[in-house]
Amino acid sequence: TDVGEILALEDRRDLRARIACRYEVETIPLGASIACDGICLTVVELGHEGDRGWFAVDVSAETVAKTNLRHGRTAWAPGRRINLERALRVGDEGGGHIVSGHGDGTAGIEALRPEGDSLRVTFRAPDTLARFIAPKGSIALNGTSLTVNEVEGSRFGVNLIPHTRATTTWDDIATGDLVNVE
């Protein structure tokens, strides 16, 4: 529902991230869950910087180890854009599929190729995750609900339609990047 921007990172015992967003921060309660690139994180602080609202989250070492937060081009750093999704409230429309934001691991982007107006993306997942990925099944990648087109061993592909690319960070990707998988 939003694309946020990492404003600051602070290494403590855990990692504290301050993230700018277009949400009205006055409507976000402390303790709320917000999926950040598909990772369910708890809001621990709120504020404003100029005309932008922000929220802060603490990221545990376990979460850092299971996600792309500290890997190459996808590492979180000030200025990096990330997909944001507030928690679903009872009664809200449930588009896509239900995801919890409890990341299972990462997959690497192996290939990008235009296919009509869409972009076909091929990923390689670790064997421990690949066995759960099914053709025409649902998968959440960086917090985006997608349909798996094909699976060949640990490789799988999805198509990104123009709307998805325009409203998320998917136009920022490159081969070799890691994405969060649920």
Side-chain angles (χ1 to χ4, degrees), residues 1-89 96 99-110 112 119 121 123-126 128-129 139-146 158 160 164-182:
T1 56
D2 193 11
V3 173
E5 179 186 340
I6 303 294
L7 294 175
L9 296 170
E10 181 183 349
D11 282 307
R12 302 173 171 196
R13 290 185 199 184
D14 290 324
L15 177 67
R16 168 75 55 102
R18 193 160 36 97
I19 302 166
C21 63
R22 291 183 304 204
Y23 301 137
E24 293 180 24
V25 294
E26 297 76 23
T27 68
I28 303 171
L30 289 178
S33 293
I34 297 180
C36 302
D37 254 2
I39 306 159
C40 180
L41 298 171
T42 302
V43 174
V44 296
E45 188 179 359
L46 299 160
H48 288 275
E49 185 173 295
D51 61 350
R52 293 195 304 181
W54 57 264
F55 63 92
V57 294
D58 289 329
V59 186
S60 72
E62 169 73 9
T63 299
V64 170
K66 294 255 184 212
T67 63
N68 67 357
L69 272 71
R70 292 289 196 209
H71 294 279
R73 266 183 26 94
T74 59
W76 282 17
R80 176 151 162 52
R81 295 172 356 112
I82 59 172
N83 296 318
L84 300 177
E85 184 81 34
R86 290 183 69 173
L88 182 68
R89 292 182 297 202
V99 295
S100 65
H102 298 166
D104 296 308
T106 59
I109 297 175
E110 289 201 334
L112 304 168
L119 180 66
V121 185
F123 300 88
R124 182 173 302 276
T128 54
L129 292 179
I139 193 165
L141 301 173
N142 279 358
T144 309
S145 172
L146 299 166
V158 301
L160 300 172
T164 300
R165 292 171 55 206
T167 59
T168 64
T169 62
W170 283 104
D171 266 350
D172 300 345
I173 62 171
T175 56
D177 287 354
L178 289 181
V179 299
N180 297 316
V181 176
E182 180 184 359

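The closest side-chain heavy-atom distance from V179 to T74 is not below 4.5 Å. Annotation: side chain of E45 is in contact with side chain of W54 (closest heavy-atom distance under 4.5 Å). In this structure, the side chains of L7 and P78 stay at 4.5 Å or more apart for every pair of heavy atoms. Inter-residue side-chain proximity for V181 and L141 is flagged as met; some heavy-atom pair is nearer than 4.5 Å.
With rounding to the nearest 0.5 angstrom, the OG1 atom of T42 is 11.0 Å from the CZ atom of F55. Going from atom SG of C21 over to atom CD1 of I28 covers 4.5 Å, rounded to the nearest 0.5 Å. Rounding to the nearest 0.5 angstrom, the gap separating the CZ atom in R165 from the CG atom in L160 is 7.0 Å. Interatomic distance, CD1 of I39 versus OG1 of T63, reported as 7.0 Å (0.5 Å rounding). If you take CG on D171 and CZ on R81, they are separated by 8.0 Å, rounding to the nearest 0.5 Å. Here the CG-CD1 distance, from L112 to I173, works out to 4.5 Å after rounding to the nearest 0.5 Å.
The backbone N or O of I109 sits nowhere less than 3.5 Å from a side-chain atom of D177 that would complete a donor-acceptor pair. A distance-only check finds no donor-acceptor pair linking the side chain of D37 to the backbone of I82 [under 3.5 Å]. Within the 3.5 Å criterion, the main-chain N or O of L178 finds a donor-acceptor partner in the side chain of N68. Formation of a donor-acceptor pair under 3.5 Å by the N83 side chain with backbone atoms of N142 is found in this model. Side-chain N or O atoms of E182 include none that pairs as donor or acceptor with a backbone N or O of D104 at under 3.5 Å. Between the side chain of N180 and the main chain of G143, no donor-acceptor pair closer than 3.5 Å is present.
Taking each heavy atom of H71 and T67 in turn, the nearest pair found is CD2-O, 3.1 Å. Between K66 and T106, the closest heavy-atom pair is O-CG2, 3.8 Å. The minimum heavy-atom distance between D11 and R70, with the atom names listed, is OD1-NH2, 3.0 Å. Across all their heavy atoms, R86 and P29 have their closest contact at NH2-CD, 4.3 Å. Closest heavy-atom contact between R22 and V3: NH2-N, 4.1 Å.
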- Report the C-alpha separation of L9 and R80 in whole Å, then their side-chain angles, then the decisive distance to 0.1 Å, and conclude whether the side chain to side chain contact (heavy atoms under 4.5 Å, CB included) test is met. CA-CA 11 Å; L9 296 170; R80 176 151 162 52; over 6 Å; no
- Would L84 and I19 count as a side chain to side chain contact (heavy atoms under 4.5 Å, CB included) if you check the C-alpha gap in whole Å, the side-chain angles of each, and the deciding distance to 0.1 Å? CA-CA 10 Å; L84 300 177; I19 302 166; 4.3 Å; yes
- Item | L119 and W170: CA distance, side-chain angles, deciding distance, side chain to side chain contact (heavy atoms under 4.5 Å, CB included) verdict | CA-CA 10 Å; L119 180 66; W170 283 104; over 6 Å; no
- Checking side chain to side chain contact (heavy atoms under 4.5 Å, CB included) for the pair E26/L46: CA distance, chi angles, key distance, verdict? CA-CA 8 Å; E26 297 76 23; L46 299 160; over 6 Å; no
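Residues forming a ring-ring contact (aromatic ring centres under 6.0 Å, His included) with F123 (at least two apart in sequence, or on another chain): F156.
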